[in-house]
Amino acid sequence: MASYPFKEIETKWQEQWEQRGTNLVSEDKNKPKYYVLDMFPYPSGAGLHIGHPEGYTATDIVARYKKMQGFNVLHPMGFDAFGLPTERYSMQTGIHPAIATKNNIENFKRQLKMLGLAYDWSRQINTTEPNYYKWTQWMFLLIYNSWFDENSNKARHINELPIPDSIKDPLEIEKYKDEHRLAYLAMIPVNWCEALGTVLANEECDEWREKGYEVERKPMRQWMIKITKYSQRLLQDLDLVDWPYSTKEMQKNWIGRSDGAEINFKVKNSDNNILVFTTRPDTIFGATYMVLAPEHELVKEIVSVEEKNKVESYIKQASLKSDLERTELSKEKTGIFTGAYAINPATKKEIPIWIADYVLAHYGTGAIMAVPGHDERDHEFALKYNLPIIKVVEKENDDWNITESAFTDDGIAVNSANDELSINGLPTDQAKDKTIEWLESTNIGSRKVQYKLRDWLFSRQRYWGEPIPIMFFEDGTKRALDLDELPLVLPEVSDFKPAGTGESPLAKVDSWINFIDKKTGKKARFETNTMPQWAGSCWYYLRYTDPKNNEIFADKEKEKYWMSPDGIDLYMGGAEHAVLHLLYARFWHKVLFDHGYVSTPEPFKKLFHQGLIIGEDGRKMSKSLGNVINPDDVVSEFGADSIRVFEMFLGPLQDAKPWSTDGIAGVNRFLGRVWRLIIDKDDNVSADLQDIPMTSEQEFVLHSTIKKVSEDIENLHFNTAVSQMMIFVNEFTKAQIKPLKAIENFLMCLAPFAPHISEELWEKLGHSESIFNNPFPKYDDSKIQKKEIEFVVQVNSKIRARMMLPVDLEQVEYEKLTLTDESVQKHIAGKQIRKVIFVPKKLINFIV
RNA sequence: GCUCGGAUGGCGGAAUAGGUAGACGCACAGGACUUAAAAUCCUGUGAACUUCGGUUCGUGAGGGUUCAAGUCCCUCUCCGAGUACCA
């Protein structure tokens, strides 16, 4: 027999909450708001994973607790339902992705409800519904219709872009605008996967490669978004948010700010200049050669006649290599001399210009000044091709052999002087500044900040994504749809296979690529690319504040009510989104902020990552290992309250923790003990529960429990909160007659963790109102103060005795009392006390 | 390679500002109840030695600071995550 009838009571209360509308919320100016959000799931065909309830329970506990504390709590859920797995399922089965998505969402919802999560389902969103993606499209167009004003460091409407007087032709003006839009079309090499029939984002490539798919580089016309314009703000605004340190670090690394200089090198016997970026302008005297990326545009112009063939064949070879091959497979650096020379502006010496694929075209200027003495990569290359290595930075008090290895740390500049500039003897940071001053005064170069962050590739050749609401005309012009034309709804198709031309399945739909535009009367075709899956998740948290609005994505007042002053109060989700989703969403939010649509510069005030739940065998759960735990099975065997409490009890929320069947049985036993504390064998409220005063020991345990549970919920330390509740139950199980008041207070502590059993027992105790309508109990500090404690007596820092003593005595009294102890006497006997260390309420230490 | 985390009984994990290491749970052992089992309740449980009162050792390894170190400092080993020629 089950330890308590969880099946009936869980079903009963889930129905009750739904009927009563317990979890519905609306704006209430009389209450402080609290917005707690889970990263919404992708509704896969496999259903809920056992890891999902971990983060969801954590936020549910916080939501229920905050509600009991008098907050107006927004705790919504929805589905990030566009995505490749569904589209692939449709290709195989012919079932429309919208149907598959609907079924998957129904299953997910059933499972989420089964866990007793207090979501306001009236606010549910689904990124694939036209009335949702209408606004995703609208926001894309907002980005498209924006340019970045460097002076005010923010986005402005494209109509406010100053057009230079020299540009008169309307087509030229359009072109000028297009160049400045935050969303633009570009012909760029992308990661093309033939088998999937789509391009992939850089970050998606490895994932598919691991699964055995081939990904190649191929230039294609793509939509790009200038997220790079926000590099600095994305970096500095990390100071505004309360996020895990490591996540902030990852974002910082991803944005990758480098401070340095851009320097122009003249090409000998030519009008061409090679612009390089360097973080070490102080080493310019040590630049003994230059390297261009194979794709660099100047390569063709400067290559000498003699070297032309060799250079061309090298470029061809490099272009065939993927990024992966360029890095991992070729540890050995390769390169080739162009036959051309540049003039080092500091030394005025001729230095050879090489091409090598260790220089990346897409970072900096795609060219470098090579300083083999002080850069490991340049050093390796110089050794291989026998290029000169000069020491221009010295390590203090050390004779570094520069031929053997590069010295890359800061040091003191040497061999670095010409007629106008000498930095000899200066430490690196000063040498940098002085060199930059000279570069700027001579117009050779300038200070420059460089970021690693690249523009965001925003188009995918898929059917199951948001259509990009732009149409193209035969004359080469294009038009973005107006708000009254949105949403641009995906056309019905029955064949989800890619077009085979590198375009999405939409390219096969005649009504999509061959129609007459109603507004202009011109023959037109829609963009056939769709948006990446990240798009819908960039703003879903805003839609929850006003999910049904058809005039705007969210009413300004409602957005302000829930998002002010610092954004979402708690955002819970996996660390796998530490960079991409969180960076894209922050960017998206900032564009909305610049246009005045949202009230905060950052969307997520506090972020927390729940850890992975791994298999019972300590390995990651996977079908092939056969160690997958299904939430449906667990709920049916132990109940939702057990799975909730167990996942919280397993260990610290942010840690990876192994599942344990014995462990959940233990938690289920604990809930059974709670049940039997109140309900007797005959299913009645126990006669042992009486309205009697607590003993001081019971008061101590109750108030400690209230304190511990409330503090632990605030700090997301749920595992220790559960421990404390177990201590409570152990203590009160001991008592023959149980004080009712204590038990009721305890139930309120337990309620956020195990809502069903708490509601049921609360009702059985004669309450007609939901337990969640009660204020969370407060503890009385005076009840937690003990009058007597176990006092530790040490001799020479070793524990020799423990004595029960009053807490409020003077040191001398403790000395007197503790010195009477036999064991203490034994260890002190015959020796002299040199020193006494006294820690109030804890210990006394005699040094002899 | 670099950047972050982490290492505590047989297991998951506790231990506010350095001050009783191992809370709580699991597993295990013994007992009560039972014809028996399950369930439940009670007791014990870091290791070694022990004259059963204790003694010594013990938080990945080695050093250091301190009356006192899981906690602070240095060096190292192993594990996990992210990133990868970013000039």
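All chains are named by letter (A, B, ...) in the order of the sequence lines, taking the proteins before the strands, and each is independently numbered beginning at 1.
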Within a strict 4.5 Å, meaning less than it, do heavy atoms of the A/F285 and A/N344 side chains meet?
no
Look at the rings of A/F646 and A/W659 and say which category their plane angle falls in: under 30° parallel, 30 to 60° tilted, over 60° perpendicular.
perpendicular
Might you confirm whether atom CD of A/E297 has over 12 heavy atoms from other residues, nucleotides or ligands at distances under 6.0 Å?
no
Angle class for the A/Y289/A/F381 ring planes (parallel below 30°, perpendicular above 60°, tilted otherwise)?
parallel
Side-chain atoms of A/I727 come closest, of B/A15, B/C24, B/A21, to B/C24
A/F718/A/F649 aromatic ring centres below 6.0 Å
no
Looking at every strand, decide which applies to A/S660 at a 4.0 Å heavy-atom threshold: base, sugar-phosphate, or nothing.
nothing
hbond_proxy A/E249 side chain to B/U3 base (donor-acceptor, 3.5 Å cutoff):
no
In whole angstrom, what separates A/L238's CG from B/C4's C1'?
15 Å
CH2 of A/W254 versus C1' of B/U83: gap in Å, rounded?
8 Å
P spacing across the pair B/U34 / B/A29, given as an integer number of angstrom
23 Å
Quick one: which of A/V667, A/N668, A/V634 gives a side-chain contact (heavy atoms from CB on, under 4.5 Å) with A/I643?
A/V634
What's the CG-C1' distance between A/L671 and B/A39, to the nearest Å?
16 Å
Salt bridge (Lys or Arg N to Asp or Glu O under 4.0 Å) contacts in which one or both residues fall within residues 278-291 of chain A, not counting sequence neighbours
A/R280-A/D282
Which part of the nucleic acid does A/E790 contact within heavy-atom distance under 4.0 Å: base, sugar-phosphate only, or nothing?
base
What nucleic acid atoms does A/G666 come within less than 4.0 Å of, heavy atoms only: base, sugar-phosphate, or nothing?
sugar-phosphate
Between A/D378 and A/N253, name the one whose nearest nucleotide on RNA chain B is closer to the 5' end.
A/N253
Does anything in residues 656-666 of chain A form a salt bridge (Lys or Arg N to Asp or Glu O under 4.0 Å)? List the pairs, not counting sequence neighbours.
A/E54-A/K657
Between A/K798 and B/C57, is there a side-chain N or O to OP1/OP2 distance below 4.0 Å?
yes
Heavy atoms under 4.0 Å, any strand shown: does A/L843 hit a base, just sugar-phosphate, or nothing?
base
Measuring only the P atom in each nucleotide, how far is B/C79 from B/A84? A whole number of Å is fine.
22 Å
Where RNA chain B forms runs of at least three Watson-Crick or G-U pairs (i with j, i+1 with j-1, under 3.5 Å), the stems are B:1-7 with B:77-83, B:10-12 with B:24-26, B:28-32 with B:40-44, B:46-49 with B:54-57, B:60-64 with B:72-76
Going by atom types only, do A/E616 and A/T661 share a side-chain donor-acceptor pair under 3.5 Å?
yes
Of the residues in residues 673-683 of chain A, which ones touch RNA chain B at a heavy-atom distance under 4.0 Å?
A/R673, A/R676
By the 4.0 Å heavy-atom rule, please label A/K826 as base, sugar-phosphate, or nothing.
nothing
If the cut-off is 4.0 Å, is A/R669 near the phosphate of B/A38, judged by side-chain N/O to OP1 or OP2?
no
Would you please classify the geometry between the A/F746 ring and the A/F670 ring as parallel, tilted or perpendicular, with 30° and 60° separating the classes?
perpendicular
For B/A47 versus B/G10, give the span between their P atoms, rounded off to a whole number of Å.
7 Å
With a cut-off of under 6.0 Å to the ring centre and 45° to the axis, is A/K786 in cation-pi contact with A/F700?
yes
Using whole Å, what does the distance between atom P of nucleotide B/G25 and atom CD1 of A/I643 come to?
21 Å
Could you state the atom-to-atom distance from CG of A/D712 to P of B/A23 in whole Å?
17 Å
Looking only at atom P, what distance separates B/G70 and B/G19, rounded to whole Å?
9 Å
Any A/N730 side-chain N or O less than 4.0 Å from OP1/OP2 of B/A23
no
Is A/E714 atom CD crowded by more than 12 heavy atoms from other residues, nucleotides or ligands, each under 6.0 Å away?
yes
Step through the shown structure and confirm whether more than 12 heavy atoms of other residues, nucleotides or ligands are within 6.0 Å of NZ on A/K841.
no
Quantified in whole Å, what is the P atom distance between nucleotide B/A23 and nucleotide B/C76?
35 Å
Considering every strand and a 4.0 Å limit on heavy-atom distances, what is the contact class for A/R257: base, sugar-phosphate, or nothing?
nothing
Please report the distance separating the C1' of B/G46 from the corresponding atom of B/A27, rounded so that it comes out in whole Å.
15 Å
Remember a base hit wins even if backbone is also touched, and classify A/K452 as base, sugar-phosphate or nothing at under 4.0 Å, heavy atoms.
base
Between B/C42, B/U55, B/A21, which nucleotide gets closest to the side-chain atoms of A/I799?
B/A21
Answer with base, sugar-phosphate or nothing: what part of the nucleic acid does A/S258 contact at a heavy-atom distance below 4.0 Å?
sugar-phosphate
Return yes when atom NZ of A/K252 has more than 12 non-hydrogen atoms of other residues, nucleotides or ligands closer than 6.0 Å, and no otherwise.
yes
B/G9: syn or anti, with syn meaning chi within 90° of zero?
syn
If you measure from the P atom in B/C26 to the same atom in B/A21, how many Å do you get, rounded?
25 Å
Return the polar atom pairs (N/O with N/O) between nucleotides 67-69 of chain B and the protein under 3.5 Å, or none.
unit_1	atom_1	unit_2	atom_2	d
B/C67	O2'	A/S797	OG	2.3
B/C67	O2	A/N845	ND2	2.7
B/A68	O4'	A/S797	OG	3.3

Would A/K333 pass as a cation-pi partner of A/Y358, given that its NZ or CZ must be under 6.0 Å from the six-membered ring centre and within 45 degrees of the axis?
yes
For atom C1', what is the distance between B/A17 and B/G30, given to the nearest Å?
43 Å
Name the closest nucleotide to the A/D662 side chain, picking from B/A87, B/C26, B/C24.
B/C26
Heavy-atom closest contact (A/A293 atom, A/V299 atom, distance)
O-CG2, 3.8 Å
Rounded interatomic separation in angstrom, taking CG from A/L612 and P from B/A81:
10 Å
Rounded to whole Å, the CD1-C1' distance (A/I353 to B/A87) equals 17 Å
Output the rounded distance in Å from CE (A/M725) to C1' (B/G25).
13 Å
Cation over ring, A/R586 on A/W243, under 6.0 Å and within 45°?
yes
Using the 3.5 Å cut-off, write out each protein N or O paired with an N or O of nucleotides 5-13 of chain B and the distance between them.
unit_1	atom_1	unit_2	atom_2	d
B/G12	O2'	A/L650	O	2.7

